[in-house]
2 protein chains.
Amino acid sequence: MTAVAVDVALLAIEAGRLTVLLVEPESADLAGTWSLPGRRVRDDESLDTTALRALRELAGIERPTLLLEQLRTYGAPTRDPRARVVSVAYLALSGAPLHPAPGPRPGPRAVVADAAEVLDWPPARFAYDHAAIVADAIERVRSRLEYTALATALLPAPFTLAALRGVYEAVWGGPLDPANFRRKVLATPGFVVPAPGPAVAGPGGGRPARRYAAGGATRLHPAMLRDR
Amino acid sequence: MTAVAVDVALLAIEAGRLTVLLVEPESADLAGTWSLPGRRVRDDESLDTTALRALRELAGIERPTLLLEQLRTYGAPTRDPRARVVSVAYLALSGAPLHPAPGPRPGPRAVVADAAEVLDWPPARFAYDHAAIVADAIERVRSRLEYTALATALLPAPFTLAALRGVYEAVWGGPLDPANFRRKVLATPGFVVPAPGPAVAGPGGGRPARRYAAGGATRLHPAMLRDR
DNA sequence: TAAATAGTGTCTATGAGACAATATCTC
DNA sequence: GAGATATTGTCTCATAGACACTATTTA
């Protein structure tokens, strides 16, 4: 009988790097691999609810995410060798750095891995087809940064444009020109608004930076396009 | 027990309009509504295979589509009032006009509806949540035309740029400037290549148009962006 | 000939990127 | 003052859209 599950790729930004939460599979014959937190869908549960429950039960995250959206559904007949499981993959994004603490009850071990490194892992280091799900999730969040104001939600207000640029650099994995980044952000209506209060310099000196808060916009026009 | 199904939105271009295939639901208590062709996923079947089978069994389409891709998965607990069914929605695109002929065996009635009109229908005219799936599918094919060379696959080669423009106008639902369209297409490497043979005028006269065939490209750089 | 359609030329606006120059902080 | 970072200015290039204009057919 075909079962339905939800697997969640939970991403966050930590120390200027994009990270992903991985857990040990519960099945003993998958020891040595890593997987995403996942749960079977209960009969009275929506798919989103299952995703939140997986994060709560397996990652100890209570009210997690700035973003929770479906990626796609994986249904190859043999993706789980033990039984037929169709899995709906989700992307979740946390506003705070992740702690590999699996909740109150003793649970499987969890790690927080660097997203760029994980993309280079051989697929066999993951359980099931979770290598593909992780790659999907990373690509999706990179794309979301282009077209939405999601990055402002990842920062505590007020923030500097350098901090906002740091989010883009962490997710996209490369440096951006500060001058051009600034001009693009300020030219996009509703992306950021100036915050009151004085400008503050960073720890290493330099001219103090003005502070901004999230503007009202959700979709960005024009978009913050990556180089192709 | 939760069941898994696949529903397919099959689109085509007919007489300059984007169309979608709808069938009568098999369940008697849904009489008076329209639905998308859908089937339960068999235990040994991939999701793509189920989608193709649904088209074959309910729409009489044997080797259908230029495009078959997943849209998203619908799993609200009460989306089917009779039982819990999680449905993986697919978009399919046919290169030939659709015929509302439900295959060799007697099956439910089918219609070919205009996509733009269907978007204005009240959701209750559809069974289940299929109004949302249809809207998803139309938006997806509009987007695919921006970033891929899909439109050339919809036309028999050789074709004129006016015919190619007709595909874009049908899917996007508005007129495009012939001069600017031409320049954009020819400036996109690999989109089209000149076809041998003479230029031919249309039925209503006018300067004969040169003919082109599909270039090798799949992804378009730069993309054919819609007005926002 | 008129109408229709194909194709070319040109002008303007916008956005992205490179990079120089200036401002103001920490050490 | 030296170094670091923020901010502004300027230049170039690519693309999109509006629209005038020319070319070649059918009726």
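Below, read A as the first sequence line, B as the second, and so on, with proteins coming before strands; counting in each chain starts at 1. Computed from a predicted structure; not experimentally measured.
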Practice task
Ignoring backbone atoms, establish whether B/Arg210 has a side-chain N or O less than 4.0 Å from OP1 or OP2 of C/dT8.
Solution key: yes
Exercise for the section: Check every atom of C/dC19, D/dA6, D/dT25 against the side chain of A/Ala209 and return the nucleotide holding the closest atom. Expected result: D/dA6
Problem - Salt-bridge present (A/Glu139, A/Arg226; N to O < 4.0 Å) - result: yes
Handout entry: Under-4.0 Å salt bridge between B/Glu169 and B/Arg165
Key = yes
Exercise for the section: Measure from the side-chain heavy atoms of B/Ala179 and tell me the nearest of D/dA6, C/dG9, C/dA16. Expected result: C/dG9
Exercise for the section: Check the distance between D/dA16's C1' and A/His221's NE2 and give it to me in whole angstrom. Expected result: 17 Å
Completion exercise
Nearest-nucleotide check on DNA chain D, A/Gly206 vs A/Leu186; residue mapping nearer the 5' end is A/Gly206
Handout entry: Cationic tip of A/Arg72 above A/Tyr74 ring, under 6.0 Å, 45° of axis
Key = yes
Practice task
Look at the side chain of A/Asn180 and the base of C/dA18, then say whether one donor and one acceptor between them are separated by less than 3.5 Å.
Solution key: yes
Problem - A/Arg125 (side chain) donor-acceptor with A/Trp34 (main chain) under 3.5 angstrom - result: no
Handout entry: Closest to side chain of B/Pro208, choosing from D/dT25, D/dA16, D/dT7
Key = D/dT25
Practice task
Name the nucleic acid region contacted by B/Pro178, choosing base, sugar-phosphate or nothing; use a 4.0 angstrom heavy-atom cut-off, strictly under.
Solution key: nothing
Exercise for the section: Return no unless some side-chain N or O of A/Arg182 is found under 4.0 Å from OP1 or OP2 of D/dT8. Expected result: yes
Problem - Between C/dT8 (P) and B/Asp177 (CG): distance, integer Å - result: 14 Å
Handout entry: Atom-pair distance (CG on A/Leu176; C1' on C/dG17), nearest Å
Key = 11 Å
Problem - Proximity to the side chain of A/Arg207 - top-ranked nucleotide from C/dC19, C/dG9, D/dA6 - result: D/dA6
Practice task
Starting from P on D/dC19, measure out to CZ on B/Arg183 and report it in whole angstrom.
Solution key: 14 Å
Handout entry: Atom pair distance, as rounded to whole Å: CD in B/Glu146 and P in D/dT15
Key = 16 Å
Exercise for the section: Calculate the interatomic distance between A/Lys184 atom NZ and C/dA18 atom C1'; express it in whole Å. Expected result: 14 Å
Practice task
Would you please confirm or rule out a distance under 4.0 Å between OP1 or OP2 of D/dA6 and any side-chain N or O of A/Arg165?
Solution key: yes
Problem - Spacing of A/Leu225 atom CG relative to D/dA14 atom P, expressed in whole Å - result: 17 Å
